[in-house]
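Quick notes on the structure that follows.
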Amino acid sequence: MNIKCDVHTHTFYSRHAYSTIEENICAAKEIGLELLGSTDHFSGMLFPEPLDLKNYQYFSNVGAWPREWHGVKLLRGCESDIIDLKGNLFGHDFYFDKTIVSDPYTGGKDLDKFVTDRMDYVIASVHGKGFTIGASKKETTEMYLGALEHPKVLILGHTGRSGVPYDVDEVLIRAKELGKAIEINEHSFEIDGGQSSGVCKKIAIRCAELGTKIAVSTDAHISVDIGRFNNTVTMLEEIHFPEELIANRNAEVFLETIKNAKLG
Ligand SMILES: [Zn+2]
Ligand SMILES: [Zn+2]
C-alpha cells in the first residue's frame with residue numbers, strides 16, 4: 001500500500017506545530033508524495049476571545065500559495081473545530097464589521113464562511129469536547145451528520161480518538177452518500193496505549209464493509225512526520241482494506257474526490 005498524498009498537516013501557524021509550508025512541501029517531496037494538503041487549525045485554540053478577523057489573515061491570503069511547489073501539488077485547507085451538537089464549525093456565529101485594514105466589511109459572511117470559502121476542502125474535528133458532556137449518542141451522531149453537511153467539509157477528522165462515541169454506521173452511510181471521507185489518523189496509534197487505535201480499526205473495518213471512503217493522514221505537526229503513515233498502513237493491510245476506498249491514495253484520486261463531493 002503506497003499512499004501518495006498527506007492531506008492533514010500543520011504549520012507553525014497552528015501555534016503548537018513547528019514547520020513552514022515550504023518545509024512541509026520539501027519533506028513531502030523527499031518522501032515521494034504527489035500532493036500535500038496544508039490544514040492548519042481554524043479553532044478557538046489559536047487566539048483569545050473576542051475573535052478578531054486580523055488573527056485569521058493567514059487563511060484569507062491563501063491565494064498566494066502556489067498550486068505546485070517543488071514539484072508537489074499543494075492544496076489549501078483548514079482543520080475546523082466542531083463547536084456544538086448541531087455540528088456547527090468554529091467561526092459560524094462570528095460576524096465582523098471591519099476588514100483587516102479597518103475598512104467597513106459589507107460581504108455579509110460569518111468568519112467560518114469567510115475562511116472556508118477560500119479553501120479547497122475542510123477537515124471537521126472535535127478538539128474541545130466540553131459541549132458533548134452528557135450528550136446522548138443520538139445527539140453526538142447528529143453532530144457529526146451536521147458537520148458533514150457543511151458545504152466545504154470533505155473529511156471528518158480523527159473521530160476514533162476524539163473520545164466522542166457516535167453511531168458509526170449512520171455517519172459512515174451519510175458520508176458515503178455525500179462522497180465524503182472518514183479520517184484514519186496516524187496520531188491515533190501513538191497515544192493512550194492503543195485504545196484509540198482499536199476504535200480506528202473498527203471504523204476502518206466498517207468503512208470497508210459499507211463502502212465509505214477513508215482519508216489516511218499523518219496530522220503532522222512537524223515536517224519530519226509528513227507522509228509517515230506506517231502504523232495506519234500496517235493496520236489497513238492487516239484488515240485487507242480495499243485500496244480503492246482510500247481517497248488520498250494518489251493526487252488524481254484525491255482531486256477527483258474533491259470534485260465529486262461538489263464542495264460549495
Ligand atoms: Zn494540532
Ligand atoms: Zn490536526
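These numbers were taken from a predicted model, which means no experiment stands behind them. Atoms within each ligand, like the ligands themselves, are counted from 1 in listed order.
- For H41 and H221, the distance between ring centers is under 6.0 angstrom.
- Residue pairs meeting the side chain to side chain donor-acceptor pair (under 3.5 Å) criterion with at least one member in residues 47-67, sequence neighbours excluded: T11-Y58, D40-Y58, R67-D120.
- For H187, every N, O or S atom stays at 2.8 Å or more from the Zn ion (ligand 2).
- Applying the side chain to side chain donor-acceptor pair (under 3.5 Å) criterion to K176, with sequence neighbours excluded, gives no partner residue.
- The structure places NZ of K137 at 13.5 Å from OG1 of T132, a figure rounded to the nearest 0.5 Å.
- Not counting sequence neighbours, E244 has no partner by the salt bridge (charged side-chain N to carboxylate O under 4.0 Å, His left out) test.
- Aromatic pair F114/Y95: ring centres not closer than 6.0 Å.
- For the Zn ion (ligand 1), the set of protein N/O/S atoms nearer than 2.8 Å consists of H16 NE2, H41 NE2, H221 NE2, ordered by chain and number.
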